[in-house]
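Below: one structure, written as structure tokens.
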Amino acid sequence: EVQLVASGGGLVQAGGSLRLSCAASGFSFDDYGIGWFRQVPGKEREGVSCIKSSDGSTWYADSVKGRFTISSDNAKNTVYLQMNSLKPEDTAVYYCAAVLNEYFVLAAMGLDDPYHYWGQGTQVTVSS
């Protein structure tokens, strides 16, 4: 059974930090990239970052470059998103998803269509 479990969300003040985790199971971790998306009610889902664990390739949305860092602990089948200098506009439900390595180029364009598996979201709220 494929599972992607996101955790680590919470309430922080602007300028604060959070680290999100995405624990993967039920599929070959090395064959997939893991992406983070966020969604606010009334808006389209937005790609935030992704990583291909097999070679460490990463992509970041312009809105989070320099503030967020994605990383992979392959031994734990877990991907992390370290979020620093948080802004109120970062408030959203954050989801993690898995994409086959062969489609990583599309994932690295911020597209959500290539992703095969999706997990439950974790709420991030940034207050001003």
Side-chain angles (χ1 to χ4, degrees):
E1 180 182 349
V2 172
Q3 285 192 296
L4 292 167
V5 181
S7 62
L11 173 64
V12 297
Q13 293 186 342
S17 299
L18 285 173
R19 189 179 74 161
L20 306 184
S21 299
C22 178
S25 62
F27 61 94
S28 180
F29 192 73
D30 290 343
D31 292 336
Y32 288 81
I34 301 294
W36 287 97
F37 292 81
R38 63 189 183 187
Q39 190 164 30
V40 177
K43 297 183 65 177
E44 290 189 352
R45 187 165 51 205
E46 176 190 15
V48 176
S49 184
C50 59
I51 185 168
K52 184 162 65 173
S53 60
S54 61
D55 65 10
S57 299
T58 61
W59 168 86
Y60 297 92
D62 289 343
S63 59
V64 306
K65 284 182 179 178
R67 300 189 298 121
F68 292 10
T69 303
I70 192 168
S71 62
S72 178
D73 186 337
N74 293 351
K76 296 182 178 180
N77 288 173
T78 300
V79 168
Y80 304 96
L81 185 68
Q82 179 67 45
M83 306 186 296
N84 298 326
S85 301
L86 283 162
K87 305 174 181 180
E89 51 262 45
D90 294 318
T91 295
V93 177
Y94 284 70
Y95 301 89
C96 61
V99 57
L100 282 166
N101 285 338
E102 65 187 83
Y103 300 119
F104 188 79
V105 171
L106 297 177
M109 298 173 64
L111 303 176
D112 57 5
D113 288 349
Y115 288 84
H116 248 272
Y117 305 125
W118 292 82
Q120 45 64 70
T122 184
Q123 175 70 230
V124 172
T125 303
V126 184
S127 65
S128 60

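As the structure is a prediction and not an experimental result, all values here were calculated from the model. Because only heavy atoms are used, hydrogens play no part in the values below, and waters and symmetry mates are left out as well, while side chains stay in.
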**OP:** Report the C-alpha distance between T69 and Y80 in whole Å, list the side-chain angles of each, state the deciding distance to 0.1 Å, and finish with yes or no for side-chain contact (heavy atoms from CB on, under 4.5 Å).
**Re:** CA-CA 8 Å; T69 303; Y80 304 96; over 6 Å; no

Original post:
Is the distance between the ring centroids of W36 and F68 less than 6.0 Å?
Top reply: no

**OP:** Starting at NE2 of H116, measure out to OH of Y103 and round the result to the nearest 0.5 Å.
**Re:** 7.0 Å

Original post:
Which atom pair, heavy atoms only, marks the closest approach of T122 to G8?
Top reply: OG1-N, 4.0 Å

Original post:
Between Y115 and V2, is there a shared hydrophobic cluster once you connect ILVMFWY residues whose side-chain heavy atoms come closer than 4.5 Å?
Top reply: yes

Subject >> Distance, nearest 0.5 Å, that separates CE of M109 from CZ of F104 >> reply: 12.5 Å

Subject >> Distance-minimising heavy-atom pair for R45 and F37 >> reply: CG-CB, 3.7 Å

**OP:** Can you measure from NZ (K76) to OG (S25) and round to the nearest 0.5 angstrom?
**Re:** 15.5 Å

Original post:
Has the side chain of Q39 got a donor or acceptor atom that lies under 3.5 Å from a matching backbone atom of A92?
Top reply: no

Original post:
For the hydrophobic clusters of this structure (ILVMFWY residues joined by side-chain heavy atoms under 4.5 Å, transitively), does one cluster hold both V40 and Y94?
Top reply: no

Subject >> Closest approach of A61 to G47 (non-hydrogen atoms, all atoms of both residues) >> reply: CB-O, 3.4 Å

Original post:
Looking at S49 and L81, what are the two nearest heavy atoms and their distance?
Top reply: CB-CD1, 4.1 Å

Original post:
With no hydrogens and no angle check, do the side chains of N84 and S17 hold a donor and an acceptor under 3.5 Å apart?
Top reply: yes

**OP:** Write down the atom of W59, the atom of A107, and the distance for their closest heavy-atom approach.
**Re:** CE3-O, 4.2 Å

Original post:
Do R38 and S63 touch side chain to side chain, with heavy atoms closer than 4.5 Å?
Top reply: yes

Original post:
Below 4.5 Å, heavy atoms only, C-beta onward: do W118 and D112 meet side chain to side chain?
Top reply: yes

Subject >> N-O pairing of K87 and D90 below 4.0 Å >> reply: no

**OP:** For the residue pair V99 and C50, establish whether any side-chain heavy-atom pair is separated by less than 4.5 Å.
**Re:** no

Original post:
Out of F29, F27, Y95, which residue meets the ring pair (Phe, Tyr, Trp, His ring centres under 6.0 Å) rule with Y117?
Top reply: F27

Original post:
Checking T91 side chain against V126 main chain: does a donor-acceptor pair fall under 3.5 Å?
Top reply: yes

**OP:** Check for a donor-acceptor pair, side chain of S85 on one end and backbone N or O of G15 on the other, with a separation under 3.5 Å.
**Re:** no

Original post:
Looking only at heavy atoms, what is the nearest atom pair of I34 and A98, with distance?
Top reply: CD1-CB, 3.8 Å

Original post:
Between N74 and S54, is there a donor-acceptor pair closer than 3.5 Å when you use the side chain of the first and the backbone of the second?
Top reply: no

Original post:
Can you tell me if CD on E89 sees more than 12 non-hydrogen neighbours from other groups inside 6.0 Å?
Top reply: yes

Original post:
Hey, are the side chains of V79 and I70 touching, using non-hydrogen atoms and a 4.5 Å cut-off?
Top reply: yes

